[in-house]
Amino acid sequence: MAKNKHTEQEEKQEVEQKACSELETKVAELEEQLGAEKAKVEELEDLKLRQMAEFDNYRRRTNKEKLELMETAGERIFTEMLPLVDDLERAMTAVNTSEDLAALKEGMNLIYQKFLAFLEQNNVKAIETQDCDFSTDEHEAITTFAAGEDKKGKIIDCTQKGYKLGDKVIRFAKVVVGE
């Protein structure tokens, strides 16, 4: 019986050792997995930081490019406008020295046509007002005027032309509206 007890105790110790050994193996595997997961987390955090820095650089670069584009666009328009200024200066000199009124009128008309062509090349168009319905999207009513039923809500007179750049109103047309 003592032998049996001794063998039972040995078997119990073997089972405990085997269980401990399995637990140690499992703990080692879990520690290894934890190390791998920590490495993945560090890698992802590094990637996130790099992408945030890359996006910040991209944002700064595009803002700089937009600013340069706006400055360059303004420069281009003013450069294209300089010949018109030259023409106006020549016309002002001619007004003081010339006695031919018809030639002065023709010269001023040519400069005006050249300026209208410049506006058209830059996609600036006058807002239509002649016999049009009043629209708050394009017109600014400066006054109303009693008119017949056929003129009610229509533009009677334009006191200042309005202009659009593409589809955007850059100056509303100042008009008199019939009521």
Side-chain angles (χ1 to χ4, degrees), residues 40-179:
K40 282 182 185 177
V41 167
E42 287 178 11
E43 182 181 324
L44 289 173
E45 284 180 355
D46 182 58
L47 180 63
K48 178 186 83 169
L49 287 173
R50 289 178 189 271
Q51 286 181 339
M52 285 174 58
E54 187 176 319
F55 179 74
D56 194 40
N57 289 339
Y58 166 77
R59 186 176 45 81
R60 274 193 227 124
R61 185 176 59 248
T62 55
N63 285 342
K64 182 180 176 186
E65 287 172 357
K66 283 180 188 176
L67 184 62
E68 288 174 356
L69 182 64
M70 287 188 315
E71 289 174 356
T72 305
E75 180 182 328
R76 182 186 61 81
I77 286 179
F78 289 123
T79 303
E80 290 176 6
M81 202 180 292
L82 291 176
L84 296 169
V85 172
D86 295 338
D87 289 346
L88 285 171
E89 288 174 348
R90 284 190 287 274
M92 288 170 49
T93 303
V95 165
N96 293 330
T97 60
S98 177
E99 307 237 347
D100 187 1
L101 189 59
L104 287 175
K105 284 181 179 180
E106 183 182 338
M108 292 302 284
N109 191 37
L110 287 172
I111 293 171
Y112 178 69
Q113 294 303 319
K114 191 174 183 182
F115 194 76
L116 289 178
F118 165 78
L119 291 176
E120 190 174 314
Q121 287 172 352
N122 287 285
N123 202 22
V124 175
K125 295 180 180 97
I127 295 173
E128 189 62 39
T129 57
Q130 187 70 30
D131 296 323
C132 291
D133 290 332
F134 175 75
S135 166
T136 56
D137 294 333
E138 296 179 338
H139 309 115
E140 178 183 340
I142 57 170
T143 189
T144 57
F145 189 78
E149 278 299 312
D150 60 329
K151 294 287 187 177
K152 189 172 187 176
K154 296 223 182 253
I155 297 171
I156 296 173
D157 188 27
C158 179
T159 60
Q160 186 179 50
K161 279 186 175 182
Y163 292 92
K164 284 182 165 184
L165 177 60
D167 290 330
K168 183 181 183 230
V169 175
I170 56 175
R171 184 171 85 181
F172 290 91
K174 292 186 179 183
V175 295
V176 176
V177 181
E179 65 174 349

Shortest non-hydrogen pair, Leu88 vs Ile111, comes out as CD2-CG2, 3.7 Å
The criterion is side chain to side chain contact (heavy atoms under 4.5 Å, CB included); which residues satisfy it with Glu54, sequence neighbours excluded? none
List the residues meeting side chain to side chain contact (heavy atoms under 4.5 Å, CB included) with Ala103, not counting sequence neighbours, and say none if there are none. Asp100
For Arg59, all residues meeting salt bridge (Lys or Arg N to Asp or Glu O under 4.0 Å), sequence neighbours excluded: Asp56
Min side-chain heavy-atom separation Val169-Asp137 under 4.5 Å: no
Could you measure the distance from the NE2 atom of His139 to the SG atom of Cys132? Nearest 0.5 Å is fine. 5.5 Å
Restricting to non-hydrogen atoms, name the atom on Val177 and the atom on Phe134 that form the minimum distance, rounded to 0.1 Å. CG2-CD1, 3.4 Å
Pairs where residues 43-86 contributes a residue and the test ring pair (Phe, Tyr, Trp, His ring centres under 6.0 Å) is met, not counting sequence neighbours: none
CG of Asn63: more than 12 outside heavy atoms within 6.0 angstrom? yes
Pairs of donor and acceptor atoms involving the side chains of residues 119-130, under 3.5 Å and at least two apart or interchain, shall be tabulated with distances.
unit_1: Asn122; atom_1: OD1; unit_2: Arg76; atom_2: NH1; d: 3.4
unit_1: Asn122; atom_1: ND2; unit_2: Glu80; atom_2: OE1; d: 3.4
unit_1: Asn122; atom_1: ND2; unit_2: Phe118; atom_2: O; d: 2.9
unit_1: Asn123; atom_1: OD1; unit_2: Lys125; atom_2: NZ; d: 3.0

Output all residues satisfying side chain to side chain contact (heavy atoms under 4.5 Å, CB included) with Lys152, sequence neighbours left out; order by chain, then residue number. Glu149
Given side chains that start at C-beta, do those of Lys105 and Asn109 come closer than 4.5 Å, heavy atoms only? no
With Asp46 via side chain to side chain donor-acceptor pair (under 3.5 Å) - residues at least two apart: Arg50
Just how far is it from atom CD1 of Ile142 to atom CD of Glu140, taken to the nearest 0.5 Å? 8.0 Å
Atom CZ of Phe115 and atom CE of Met81: how far apart are they, to the nearest 0.5 Å? 5.5 Å
Does any part of the side chain of Leu67, heavy atoms only, come nearer than 4.5 Å to the side chain of Lys64, both counted from C-beta? no
Residues in side chain to side chain contact (heavy atoms under 4.5 Å, CB included) contact with Leu82, at least two apart in sequence or another chain: none
Using the side chain to side chain donor-acceptor pair (under 3.5 Å) criterion, which residues pair with Asn96? Sequence neighbours excluded. none
Separation between OG1 (Thr72) and CD (Glu65), nearest 0.5 Å, reads 11.0 Å
Which pairs count as salt bridge (charged side-chain N to carboxylate O under 4.0 Å, His left out) when at least one residue sits in residues 154-163, sequence neighbours excluded? Asp133-Lys154
To the nearest 0.5 Å, tell me how far Arg90 CZ sits from Asp87 CG. 4.5 Å
For Lys174, side chain to side chain donor-acceptor pair (under 3.5 Å) partners two or more places apart: none
Asp131 side chain near Lys151 side chain, heavy-atom distance below 4.5 Å: yes
The criterion is salt bridge (Lys or Arg N to Asp or Glu O under 4.0 Å); which residues satisfy it with Lys66, sequence neighbours excluded? none
